[in-house]
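Taking it in order: structure first as structure tokens, then the write-up.
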There are 2 protein chains.
Amino acid sequence: MLIEIDFNSDEALYLQLRNQIILGIATNTFHEGDVLPSVRTLADEIGINMHTVNKAYSVLRSEGYVKVDRRRGAVISVSEAKEEHLRQIRNILSSTVLEAVCRNVSKEELHKMIDDIYKEYGF
Amino acid sequence: MLIEIDFNSDEALYLQLRNQIILGIATNTFHEGDVLPSVRTLADEIGINMHTVNKAYSVLRSEGYVKVDRRRGAVISVSEAKEEHLRQIRNILSSTVLEAVCRNVSKEELHKMIDDIYKEYGF
DNA sequence: CCTCTGTTATAGAAATGTTATAACAGAGGT
DNA sequence: ACCTCTGTTATAACATTTCTATAACAGAGG
């Protein structure tokens, strides 16, 4: 998978990397059980430090997207704690809804946006 | 309005403040034209530095939630550049949708969540 | 044994967040 | 005129976070 990092972005490198990997999982570029490149390999490919990649992997592990095996490396393994995921996503959505309400964006418009995004990615 | 700041949160103080004010606007605690407390007053009330409040106000201004008048202070004035707001909200939603897809959260579940959040706030 | 994993421990540089003083210009009230 | 209230600007200092750089360690496999 092509990982694209924008060094001019104000988003932290390890978060960009996290997001790219989540994108990869969502779009089926990475499948359950796939092994991500080692921290050193990926760091070299992207041209960043090993520890930055390690931080991204640690975040992904703590969020339940990968399991890290000392011998095999980081393996895609999406947690199935759905209740917790729902809570987490609800939290993010809450902020978005508040901003939408301020901007006179209706519930229906948000629904449509979500549908559009699903279509856009072909889900 | 009661502004609640959590000093143990890992979220920056100025962002917590920004979010609380957006919450206030969304829930109609703050209305169009209302004047927010001066940076010094609010800083004293909360117990933080004037510049931190100023940063929150600056962010809110750049995002189109308030207009800052040198004589009157920060006045609630929600921008009406709806196209831009839609783009912005769509961006935030995109990340959320990707995470949802990874977690096997369906489009319908997201719709329901949004409806629930709207209900929760009484919109 | 050698090499590959992630992990840990330091250390330093750079950027960001927060606080602290101080001063300025503009507007309103007295 | 004077005082006081706005936001704004300019410094400075400090803590935290982010990113890099080296180095070493333990576990597993060839």
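Just so we're on the same page: letters track the sequence lines, and every chain starts at 1.
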| said: Test: ring-ring contact (aromatic ring centres under 6.0 Å, His included). Region: residues 82-121 of chain A. Which pairs qualify, not counting sequence neighbours? | reply: A/His111-B/His111, A/Tyr118-A/Phe123, A/Tyr121-A/Phe123

| query | Along DNA chain C, 5' to 3', what are the outermost nucleotides having an atom less than 4.0 Å from a heavy atom of chain B? | reply | C/dG17 to C/dA27

| Got a sec? Which of residues 47-57 of chain B come in under 4.0 Å of DNA chain C, heavy atoms? | B/Ile48, B/Asn49, B/Met50, B/His51, B/Thr52, B/Lys55

| request: Determine, using the 4.5 Å side-chain heavy-atom cutoff (strictly less than), whether A/Ile3 and A/Val75 are members of one ILVMFWY cluster. | output: no

| note | Across all chains, not counting sequence neighbours, the side chain to side chain contact (heavy atoms under 4.5 Å, CB included) partners of A/Asn104 are none

| B/Thr96 side chain to B/Ile92 backbone, donor-acceptor under 3.5 Å | yes

| query | Heavy-atom contacts under 4.0 Å between residues 30-42 of chain A and DNA chain C, which residues? | reply | A/Ser38, A/Val39, A/Arg40, A/Thr41

| task | Check for a donor-acceptor pair, side chain of A/Thr52 on one end and backbone N or O of A/Ile48 on the other, with a separation under 3.5 Å. | result | no

| For DNA chain D, what dot-bracket results from Watson-Crick or G-U pairs at under 3.5 Å, with [ ] for crossers and | for inter-strand partners? | ||||||||||||||||||||||||||||||

| said: Test of understanding: with side chain to side chain donor-acceptor pair (under 3.5 Å), list the residues that count as partners of B/Asn19, not counting sequence neighbours. | reply: B/Glu11

| request: Can you sort out the partners of A/Arg18 under side chain to side chain contact (heavy atoms under 4.5 Å, CB included), two or more places apart, ordered by chain and number? | output: A/Leu15, A/Ile22, A/Val59, A/Leu60, A/Glu63, B/Glu99

| field | Selection residues 43-80 of chain B - residue pairs positive for ring-ring contact (aromatic ring centres under 6.0 Å, His included), sequence neighbours left out | value | none

| message | Would A/Asp115 and A/Lys119 count as a salt bridge (Lys or Arg N to Asp or Glu O under 4.0 Å) here? Give the steps. | response | CA-CA 6 Å; A/Asp115 292 348; A/Lys119 269 185 206 156; over 6 Å; no

| message | With the threshold set at under 4.0 Å for non-hydrogen atoms, list the residues of residues 6-22 of chain A touching DNA chain D in residue-number order. | response | A/Ala12, A/Leu13, A/Tyr14

| Who pairs with A/Val105 by side chain to side chain contact (heavy atoms under 4.5 Å, CB included), at least two apart in sequence or on another chain? | A/Ala100, A/Arg103, A/Glu109, A/Leu110, B/Lys82, B/Leu86, B/Ile89

| task | Sorted by first residue and then second, give each ring-ring contact (aromatic ring centres under 6.0 Å, His included) pair with at least one member in residues 7-47 of chain B; sequence neighbours left out. | result | none

| field | Atom CD of B/Glu45: over 12 foreign heavy atoms under 6.0 Å | value | yes

| So, does B/Gln16 use its side chain to make a donor-acceptor pair with the main chain of B/Asp6 at under 3.5 Å? | yes

| query | Ignoring hydrogens and geometry, is there a side-chain-to-backbone donor-acceptor pair from B/Thr27 to B/Leu23 under 3.5 Å? | reply | yes

| field | Residues B/Asp44, B/Arg40; criterion salt bridge (Lys or Arg N to Asp or Glu O under 4.0 Å); working and verdict | value | CA-CA 6 Å; B/Asp44 282 351; B/Arg40 291 173 177 84; over 6 Å; no

